[in-house]
Amino acid sequence: LVGVRFGALLAALAAKEIPVGGLVLWEPIVRGRTYARELKAIGMTADAAGGAAAGPVEAAGFAFSRPLLEAISRIDLLQVSPQCRRALILRRDDLAGDTNLFDHYRSAGIDVESGPLADYAAMMAEPHFTQVPGDAIAATTKWLSQGQGTAPSLVRKDWTGPAHVDLGDGTRERIVTIPDSPCLFGIVTEPTRPTSQPVVILANAGAAYRVGPNRLYVHLARALAAAGFPCLRIDLAGLGDSPADPGKPENDTYPATAFRDIDRAIDFIRTNMNADRVIVMGLCSGAYVAFQSAVQLRDDSLVEGVLINPLTFFWREGMTLSDSTAQKHIEFEYYKASAWQPKKWLKLLRGETTIGLRGAIKLLLGRLRP
């Protein structure tokens with residue numbers, strides 16, 4: 001069992017109940033009380049801070065009920081002895097090491113090793129800034145191979161996934177891969193009964209992988225499937241579990257290859273899902289992909305685009321979101337409305353605004369320029 005932070009805690013708890021061959025714990029949460037306090041602190045920074053004391057805590061978009069936090073607070077891995085022969089504990093190398101769990105496992109007779117988890121902060125950054133912790137992966141793979149005789153394969157591009165998994169509400173899910181180079185990875189959610197509705201392609205939101213921010217795409221796809229619309233949550237090349245094109249960076253939120261990938265996904269749907277109508281839907285940069293796919297792809301199967309909170313409708317390499325014409329239009333409309341408020345003028349003249357007098361003149365001239 002392998003886990004990171006809270007996943008590592010869950011892995012250790014599961015190994016208490018079920019014998020396993022080994023545990024790999026990356027920066028494990030040892031005491032649940034500390035983690036619960038961390039979640040509450042994050043929740044206090046949100047706009048919802050100061051809400052009902054008995055209500056759930058919202059931490060970074062996830063809701064934690066009070067009973068759940070109380071249950072987490074009672075967990076202490078130093079009181080848990082997992083049923084395993086071996087364990088590997090990697091702790092982030094930018095903080096002072098905590099050896100309590102290592103010592104506990106050793107005293108329980110477990111063959112335990114420890115090491116640094118380099119680049120932890122880069123791994124846990126916002127999706128478009130994340131970096132794969134290659135050294136930690138190499139150390140984990142080496143440790144596994146020493147215990148099993150051969151190193152496990154980390155990637156199987158030829159795998160087409162298991163049979164459908166029944167979700168129990170008239171829908172089912174399966175893993176799919178779209179071959180060729182690069183191989184694209186996705187999840188199909190579809191009704192178990194025959195349907196004539198179009199298939200919805202959900203394009204990545206920013207650099208978040210196919211689940212979407214806070215698993216939004218999972219809930220959306222399952223709700224749509226229950227309404228009769230099959231969905232393909234796909235990772236575009238360089239995002240999630242789809243490798244980038246050779247020489248191209250990962251986590252590019254506006255990749256030029258996105259429309260090629262959507263075109264391949266449409267062809268896959270036509271060939272493998274017996275559907276001749278497709279809707280492309282997306283949030284944020286996914287909305288841009290949906291819009292431009294409808295503009296650029298000359299495919300009669302693409303019948304509709306659904307744009308959720310688009311930030312821009314045009315993009316070229318080298319641009320930033322501050323260059324977005326849509327964003328500039330939003331800013332201009334905001335300041336145009338502010339121009340009718342005397343208080344705003346006083347703040348502008350006193351230099352108390354973000355844009356400043358020079359910025360206001362520049363914005364106006366930029367708007368008037370043909």
Side-chain angles (χ1 to χ4, degrees), residues 1-16 23-80 82 87-105 114-133 135-136 205-209 211-220 240 251 253 283-284 309 311 321 354:
L1 297 179
V2 183
V4 181
R5 295 210 74 210
F6 193 70
L9 179 145
L10 293 177
L13 291 179
K16 175 188 175 183
L23 284 173
V24 178
L25 311 179
W26 285 19
E27 188 58 24
I29 293 166
V30 178
R31 293 181 175 86
R33 180 176 300 176
T34 303
Y35 184 58
R37 284 202 301 263
E38 178 183 329
L39 294 174
K40 292 176 182 178
I42 295 174
M44 291 176 64
T45 65
D47 294 337
V57 172
E58 182 182 337
F62 295 92
F64 295 82
S65 69
R66 298 290 172 168
L68 175 58
L69 289 175
E70 291 172 4
I72 291 173
S73 296
R74 292 192 292 270
I75 299 173
D76 186 349
L77 292 189
L78 300 182
Q79 306 301 319
V80 175
L88 173 65
I89 302 174
L90 299 183
R91 305 306 299 253
R92 54 188 301 179
D93 61 355
D94 57 344
L95 293 177
D98 181 353
T99 64
N100 289 331
L101 187 62
F102 177 89
D103 296 337
H104 171 61
Y105 281 3
S114 65
L117 177 52
D119 299 324
Y120 173 83
M123 176 182 73
M124 301 298 286
E126 290 292 321
H128 47 287
F129 293 129
T130 55
Q131 297 178 22
V132 176
D135 290 344
Y209 72 115
V211 302
N214 303 324
R215 299 186 72 243
L216 170 66
Y217 279 12
V218 177
H219 296 292
L220 182 57
N251 299 331
T253 53
L283 166 70
C284 194
N309 195 31
L311 293 180
L321 286 177
T354 303

Inset, instruction - Identify the heavy atoms of Tyr105 and Pro82 that sit nearest to each other, and give their distance. - result: CE1-CD, 3.6 Å
Legend entry - Exceeds 12 heavy-atom contacts within 6.0 angstrom, atom CZ of Phe62: yes
Inset, instruction - Quick one: closest heavy-atom pair of Thr253 and Gly206, and the distance? - result: CG2-C, 3.5 Å
Show every donor-acceptor pair shorter than 3.5 Å between a side-chain atom in residues 93-101 and any protein atom, with sequence neighbours excluded, or say none if there are none.
from: Asp94; atom 1: OD1; to: Arg92; atom 2: NE; distance (Å): 2.7
from: Asp94; atom 1: OD2; to: Arg92; atom 2: NH2; distance (Å): 2.9
from: Asp98; atom 1: OD1; to: Asn100; atom 2: N; distance (Å): 2.9
from: Asp98; atom 1: OD1; to: Asn100; atom 2: ND2; distance (Å): 3.2
from: Thr99; atom 1: OG1; to: Asp103; atom 2: OD2; distance (Å): 3.4

Legend entry - Residues which pass side chain to side chain contact (heavy atoms under 4.5 Å, CB included) with Ala205, listed by chain and number, not counting sequence neighbours: Pro213, Tyr217, Leu283
Inset, instruction - Taking all heavy atoms of Pro133 and all of Met123, pick out the closest pair and write down the distance. - result: CG-SD, 3.4 Å
Legend entry - Those residues that, when tested against Ser73, pass side chain to side chain donor-acceptor pair (under 3.5 Å) (two or more places apart): none
Going by atom type alone, with no hydrogens or angles, which donor-acceptor pairs under 3.5 Å involve a side-chain atom of residues 33-40 and a protein atom two or more places apart or on another chain?
from: Glu38; atom 1: OE1; to: Arg5; atom 2: NH2; distance (Å): 3.0
from: Glu38; atom 1: OE2; to: Arg5; atom 2: NH1; distance (Å): 3.2

Inset, instruction - Would you give the length of the straight line joining atom CD of Glu27 to atom CG of Leu9, rounded to the nearest 0.5 angstrom? - result: 12.5 Å
Legend entry - Nearest heavy atoms of Ala15 and Leu1, plus distance in Å: N-CD1, 4.4 Å
Inset, instruction - Report yes if some heavy atom in the side chain of Arg31 is under 4.5 Å from a heavy atom in the side chain of Leu78; otherwise report no. - result: yes
Inset, instruction - Can you measure from CD1 (Ile72) to CZ (Phe64) and round to the nearest 0.5 angstrom? - result: 6.0 Å
Inset, instruction - Hey, could you give me the CG/SG distance between Leu311 and Cys284, rounded to the nearest 0.5 Å? - result: 4.0 Å
Inset, instruction - Take atom CZ of Phe102 as the centre, draw a 6.0 Å sphere, and report whether it contains more than 12 heavy atoms from other residues, nucleotides or ligands. - result: yes
Legend entry - Point-to-point distance, once rounded to the nearest 0.5 Å, from CG of Leu13 to CG of Leu77: 6.0 Å
Legend entry - Atom pair CD1 (Ile89) and NE2 (His104), whose distance is rounded to the nearest 0.5 Å: 9.5 Å
Legend entry - Lys16 and Val80, any side-chain heavy atoms less than 4.5 Å apart: yes
Legend entry - All side chain to side chain contact (heavy atoms under 4.5 Å, CB included) counterparts of Gln79, not counting sequence neighbours: Asp76
Inset, instruction - Kindly give the heavy-atom pair with the smallest separation between Ala8 and Leu25, and that separation in Å. - result: O-CD2, 3.5 Å
Legend entry - Asn251: side chain to side chain donor-acceptor pair (under 3.5 Å) partners, not counting sequence neighbours: Thr130
